[in-house]
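In what follows, a structure is listed as structure tokens, so that the remarks can point back to it.
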Amino acid sequence: IQYTLKCKIANSKNEFVPLSNNGIGIENVKKRFAFLYPNQHELKTTDEGEFFVVSLLVQLSDQQNIYKGLAAVPLPVDQKILV
């Protein structure tokens with residue numbers, strides 16, 4: 001069974017908080033996905049002006065991958081989950 005997890009998150013910028021390049025959060029997330037899903041994921045971060053956008057695509061190809069920390073539920077192609 002082949003599952004694909006797709007997630008896109010947009011976060012508005014806080015104009016009162018200065019931008020910093022010395023945070024470790026995104027780098028830690030990238031390292032974790034590289035370890036858990038080598039050659040099976042794509043993680044992109046972009047600056048869209050008023051928003052930061054993170055796009056994630058993970059190929060989950062067997063039961064073992066489903067239980068590595070992400071639950072996969074097959075959804076219709078265009079169905080979105082709002083959290």
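This chain uses plain numbering: 1 for the first residue, then up along the sequence. When reading the values below, keep in mind they use all heavy atoms of this one structure, side chains included, and skip hydrogens, waters and symmetry mates.
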> Is it the case that one hydrophobic cluster holds both Tyr37 and Ile9, taking links as side-chain heavy atoms less than 4.5 Å apart, direct or via other members?
Replying inline: no
> If you take all heavy atoms of Ala10 and Phe51, which pair is closest and at what distance?
Replying inline: CB-CD2, 4.4 Å
> Is any side-chain heavy atom of Thr4 less than 4.5 Å from a side-chain heavy atom of Val58?
Replying inline: no
> Got a sec, which residues hit salt bridge (Lys or Arg N to Asp or Glu O under 4.0 Å) with Lys30, two or more places apart in sequence or on another chain?
Replying inline: Glu27
>> To the nearest 0.5 Å, what is the distance between NE2 on His41 and CG on Leu5?
In response: 12.0 Å
>> Going by salt bridge (Lys or Arg N to Asp or Glu O under 4.0 Å), name the pairs with one or both residues in residues 33-54, residues two or more places apart or in two chains.
In response: Lys13-Asp47, Glu42-Lys44
> Between atom CZ of Phe52 and atom CG of Asn14, what is the distance when rounded to the nearest 0.5 Å?
Replying inline: 10.5 Å
> Out of curiosity, does Val53 fall in the hydrophobic cluster containing Leu57 (side-chain heavy atoms, cut-off under 4.5 Å, transitive links)?
Replying inline: no
